Amino acid sequence: MTDRCGLLLAGGTGSRLYPATLWTSKQMLPVYDKPMVFYSLSMLMLAGLRDIAVITTPRDAEAFSGLLGDGADLGISLHYITQQRPEGLAQAFIIGRDYIGGRPTALMLGDNVFHGAGLRRELHEADAQVRGATIFSYIVADPSRYGVVEVDVNGTALTLEEKPERPKSNFAVTGLYFYDSRACDLAADLMPSSRGELEITDLNRRYLLDGSLRVARLGRGIAWLDTGTPESLLEASTYVAAVERRQGLRIGAIEEVAYREGFIDAEGLLRVASRYRGNEYGRYLERAVNESQVSSLPRAT
């Protein structure tokens, strides 16, 4: 395990979801039965990260702090960094530089939902990489909507393009990135794009050019959904509802993840479950403690 810290991006205006986000962060909106931010936070926790900063707007910082607190109940440490203006994903390494303090980082977009077998293994493999960066790719039918990575037969990255008109592959770059300790310096050297933003694709190209960009390909057994539009938010909620109701297991339950990752013990899980007393979510967390075959159950994802 490295000393990697996490950056969770929960800023922006959420304008594609107006009017729902006129007075609240889109990452506060529910994806079925949990706030959207739970799903992204759970991914960083599944990677084994316990020191995480939430980057959000001055307007929304208090709301996130009220929802998540300092992380102590989850056995982690949460910090809050305000972003005055959204100027590209790579800006996170500029405004978060003092917090990062030269450590390797994992950057997670707050509007992405991941689920599926093998995710935890993929995350820990990325965390174990000492030098370079890891991006996660996913086959999509409409790659021109995303950053696109082209790979050779060995899975080595050849090119990276941001929303190309003629994509060279169907591999979209998802909203989860792992970087070594050079990320802040490399981001500081970037020039704004034609959109006036520090593009994450440009940061990834720096690692591509020096041969240290690793591409992890997420297979058919893993689902990746973004939730930035009303249609995609509904699709993600429908997916989560179908899986949870069919399996009886929860996706993105941060309290359960904390317990199964060993961040908190059974007493700690029961304590956080008590805040949901009287509803099914709280009863689910209590059952996680009471099941005698915990070690044989699937890990939370």
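The basis for the numbers below is simple: all heavy atoms, side chains too, and nothing from hydrogens, waters or symmetry mates. What you see is a predicted model; the values in this text were computed from it and never measured. By convention here, the first residue in the shown sequence is residue 1.
Between Ser232 atom OG and Asp111 atom CG the span is 8.0 Å, to the nearest 0.5 Å.
Residues Tyr39 and His115 have side chains that never bring a donor and an acceptor to within less than 3.5 angstrom of each other. No side-chain donor-acceptor contact under 3.5 Å links Tyr80 and Glu62. Between the side chains of Asp210 and Ser212, at least one donor-acceptor pair of N or O atoms lies under 3.5 Å. Side chains of Glu150 and Ser169: no donor on one and acceptor on the other come within 3.5 Å.
For CG of Asp152, the number of neighbouring non-hydrogen atoms (other residues, nucleotides, ligands) closer than 6.0 Å is greater than 12. Environment of CD in Glu125: crowded, with over 12 heavy atoms of neighbouring residues, nucleotides or ligands closer than 6.0 Å.
Leu119 has its side chain out of reach of Leu46: every pair of non-hydrogen atoms, C-beta onward, lies at least 4.5 Å apart. Considering only heavy atoms from C-beta on, Glu244 stays 4.5 Å or farther from Leu249 through its side chain. The closest side-chain heavy-atom distance from Glu255 to Phe263 is not below 4.5 Å. Using a 4.5 Å heavy-atom threshold, the side chains of Ile100 and Leu7 count as touching. Val148 places none of its side-chain heavy atoms less than 4.5 Å from the side chain of Val173. Thr156 has its side chain out of reach of Val151: every pair of non-hydrogen atoms, C-beta onward, lies at least 4.5 Å apart. You'll find the side chain of Arg145 reaches within 4.5 Å of the side chain of Asp226, heavy atoms only. You'll find the side chain of Met191 stays beyond 4.5 Å of the side chain of Asp202, heavy atoms only.
Under a 3.5 Å cut-off, the side chain of Thr56 and the backbone N or O of Ala10 do form a donor-acceptor pair. Although no hydrogens or angles enter the test, the distance criterion places a donor-acceptor pair under 3.5 Å between the side chain of Asp70 and the main chain of Ala72. Without hydrogens or angle criteria, Asn279 side chain to Gly282 main chain gives a donor-acceptor distance under 3.5 Å. Looking at Lys26, its side chain never comes within 3.5 Å of a backbone N or O of Gly110 through a donor-acceptor pair. Here the side chain of Tyr284 pairs a donor or acceptor atom with the backbone of Arg250 at under 3.5 angstrom. Checked by atom type and distance alone, the side chain of Thr238 pairs as donor or acceptor with a backbone atom of Leu234 at under 3.5 Å. Distance alone, capped at 3.5 Å, places no donor-acceptor pair between the Arg103 side chain and the Cys5 backbone. Distance alone, capped at 3.5 Å, is enough to place a donor-acceptor pair between the Gln129 side chain and the Arg131 backbone. In this structure, Thr21 contributes its side chain and Gly14 its backbone to a donor-acceptor pair below 3.5 Å.
Using the six-membered ring where Trp is involved, Tyr99 and His79 have ring planes that are tilted, between 30° and 60° apart. Using cut-offs of 30° and 60° for the angle between ring planes, the Tyr138 and Trp224 rings count as perpendicular.
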Under 3.5 Å, side-chain donor or acceptor atoms of residues 160-168 against the rest of the protein: list the pairs with distances, not counting sequence neighbours.
from: Glu162; atom 1: OE1; to: Thr201; atom 2: OG1; distance (Å): 2.5

Please tabulate, for side-chain N and O atoms in residues 85-93, each donor-acceptor pair with protein atoms closer than 3.5 Å (sequence neighbours left out).
from: Arg85; atom 1: NE; to: Glu87; atom 2: OE2; distance (Å): 3.2
from: Glu87; atom 1: OE1; to: Gln91; atom 2: NE2; distance (Å): 3.3
from: Gln91; atom 1: OE1; to: Gln83; atom 2: NE2; distance (Å): 2.7
from: Gln91; atom 1: OE1; to: Glu87; atom 2: N; distance (Å): 3.1
from: Gln91; atom 1: NE2; to: Arg85; atom 2: O; distance (Å): 3.4

Would you tabulate the side-chain donor-acceptor contacts of residues 264-273 under 3.5 Å, counting partners in other chains and residues two or more places apart, or write 'none'?
from: Asp265; atom 1: OD1; to: Glu267; atom 2: N; distance (Å): 3.3
from: Asp265; atom 1: OD1; to: Gly268; atom 2: N; distance (Å): 2.8

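Under the 4.0 Å criterion applied to side-chain N and carboxylate O atoms, Asp51 and Arg4 are not assigned as salt-bridge partners. Between Glu286 and Arg283, no side-chain nitrogen of the basic residue sits less than 4.0 Å from a carboxylate oxygen of the acidic one, so the salt-bridge criterion is not met. Between Arg120 and Glu261 a salt bridge is recorded (basic side-chain N to carboxylate O distance below 4.0 Å).
Partner Gln27 forms a side chain to side chain contact (heavy atoms under 4.5 Å, CB included) with one of Leu41, Leu8, Val37 and no other, that one being Val37.
In this structure, Leu44 is not a member of the same hydrophobic cluster as Ile55, with clusters built from ILVMFWY side-chain heavy atoms closer than 4.5 Å.
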